[in-house]
2 protein chains.
Amino acid sequence: MAGCPAPRRGRPRSAAADRAILDATRTALVEVGWSKLTMGEVARRAGVAKTTLYRRWAAKSELVVDAVAVLFDELELPDGGSLRADIEGVVLSFAALLRRPEAKTALMAVLAESTTDEALRRRIRAAIVDRQKRLVLDGRARAQQRGELPPDSADPAETERVVDLIFDVIAGAVVHRSLVSDCPVDGAWAATFTTLLLEGLGSASAPR
Amino acid sequence: MAGCPAPRRGRPRSAAADRAILDATRTALVEVGWSKLTMGEVARRAGVAKTTLYRRWAAKSELVVDAVAVLFDELELPDGGSLRADIEGVVLSFAALLRRPEAKTALMAVLAESTTDEALRRRIRAAIVDRQKRLVLDGRARAQQRGELPPDSADPAETERVVDLIFDVIAGAVVHRSLVSDCPVDGAWAATFTTLLLEGLGSASAPR
DNA sequence: GAGTTACGCTACGGGGCGTAGCGGAATGGG
DNA sequence: CCCATTCCGCTACGCCCCGTAGCGTAACTC
């Protein structure tokens, strides 16, 4: 990807314009929503010409993916000292991210577009999804060091299946709770969810 | 709600037009996707005037909610004889629904719009989400009859929290796996997921 | 300086949006 | 039977956004 840091000849693209455009995209997204977000409006807010936008992004969806991708980089997983604490931590920090209007609106909108656009799906995975999955890998490695989880299976494919499964369960549950059921992901919910994830259905349905 | 089945005076609305419009919406959604779906195009395919559409639905998102709501009525939960079988069954049938292009495109698109539209959120919950949650209630009641799950807690609010949690975990995981990770939800995945849900993290990460 | 690339600006055809206004069709009430 | 009421199809309209083309200018490399 980054094979060309070599400065090509001619006038270079303005990095300031890039930042202004992405910032304007995020703020405009909060104020007007996805469907009323127009390229012209973004250009006006960013103080650049509309043509400059089209020279860099072919579609609104691609622009928005890049604009919100940085938000997902802010996700961190501080060591909570136990697997339970780490799971609750990642649940709460992901939920906090989804509480930001530009994050939830953008995420759902580009996912909707991606259902009929294979290239956009790849772009989303690279810019957003894979950056989240890294948190699962971190937490899992820590838990294995503590002895809370068994070490990796001999079969690396088996390991990847398990990691993917856990990722889909955690991220899926938080997204569904936040955006579909439209209920708050607070400490109490995170605790109950973590208990279910750690101990399974029988235990979670009986009050501790 | 249904306080007025009393036929008002004047010419009644055409039920045939309703069906034609909703059918046209679904087929058009598959062919052109959400962002290029226009009211005019739906009207043309349905063989009705564009004004007739606007007399019944104020926005594209509301039309699409109603158009796909019937798909979610098709979800059934045949008694599989065990809690495990019932969970795998609902996972697979929900995944099959999400494999239909009009279902996944419509679901994600209206959810995206709903992040900035409270009325639309309510409409989606009534038309789609609550109809899915009924499956969790059914499966849970069956498992309790079989003795696989403890009976309801004395506190009905506690019961509702548990049902909501299970619903968000199952539906969220299936949606995330299908539409975000973009991987197939097949029998093997359903089995692994069900094991995780029933027995918790420690058991699922170790091969059986 | 010469060549190359990016920028801002303007202008344009195309198309969807949502509404208004019309004549006509289908219903129920006097 | 006729009238009031409501819906329907059709046409037309102003508005806004799209995405591109063309121009002169600015920034950078060789």
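Letters go in sequence order (proteins before strands), and every chain restarts at 1. Keep in mind the model is a prediction, meaning the values are calculated, not measured.
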message: Please compare B:Pro12 and A:Lys50 by the position of their nearest nucleotide in DNA chain D and report the one closer to 5'.
response: B:Pro12
Any donor-acceptor pair under 3.5 Å from [X] side chain to [Y] backbone:
{"X": "A:Arg131", "Y": "A:Asp73", "answer": "no"}
{"X": "A:Lys104", "Y": "B:Thr115", "answer": "no"}
{"X": "A:Thr105", "Y": "A:Glu102", "answer": "no"}
{"X": "A:Asp86", "Y": "A:Gly80", "answer": "yes"}
{"X": "A:Thr27", "Y": "A:Ala24", "answer": "yes"}
{"X": "B:Arg142", "Y": "B:Gly139", "answer": "no"}

query: Going by number, which of residues 27-45 of chain A have a non-hydrogen atom under 4.0 Å from DNA chain D?
result: A:Thr38, A:Met39, A:Gly40
- request: For DNA chain D, determine which residues of residues 13-21 of chain B have any heavy atom closer than 4.0 angstrom to one of its atoms, and list them numerically.
  value: B:Arg13, B:Ser14
message: So which atom in B:Ser61 and which in B:Trp34 form the shortest heavy-atom distance, rounded to 0.1 Å?
response: CA-CH2, 3.8 Å
Without decimals, in angstroms, what is the distance between [X] [atom1] and [N] [atom2]?
{"X": "B:Trp57", "N": "C:dG18", "atom1": "CH2", "atom2": "P", "value": "15 Å"}
{"X": "A:Arg55", "N": "D:dG19", "atom1": "CZ", "atom2": "P", "value": "15 Å"}
{"X": "B:Tyr54", "N": "D:dG9", "atom1": "OH", "atom2": "C1'", "value": "16 Å"}
{"X": "B:Leu53", "N": "D:dC7", "atom1": "CG", "atom2": "C1'", "value": "14 Å"}

field: Lys/Arg-Asp/Glu bridge criterion (N-O < 4.0 Å) met for B:Asp66, B:Arg123
entry: yes
field: Basic-acidic side-chain contact under 4.0 Å: B:Arg177, A:Asp164
entry: no
message: Can you confirm whether A:Glu118 is buried at CD, in the sense that more than 12 heavy atoms of other residues, nucleotides or ligands lie under 6.0 Å from that atom?
response: yes
message: For the CG atom of A:Leu120 and the CD atom of A:Glu113, what is their distance to the nearest 0.5 Å?
response: 7.0 Å
Hey, what are the protein-to-nucleotides 23-25 of chain C N/O distances that come in under 3.5 Å?
unit_1, atom_1, unit_2, atom_2, d
C:dA25, N3, B:Arg11, NH1, 3.2

task: Return the nearest nucleotide to the side chain of A:Thr51; candidates are C:dC17, C:dG8, D:dG19.
output: C:dG8
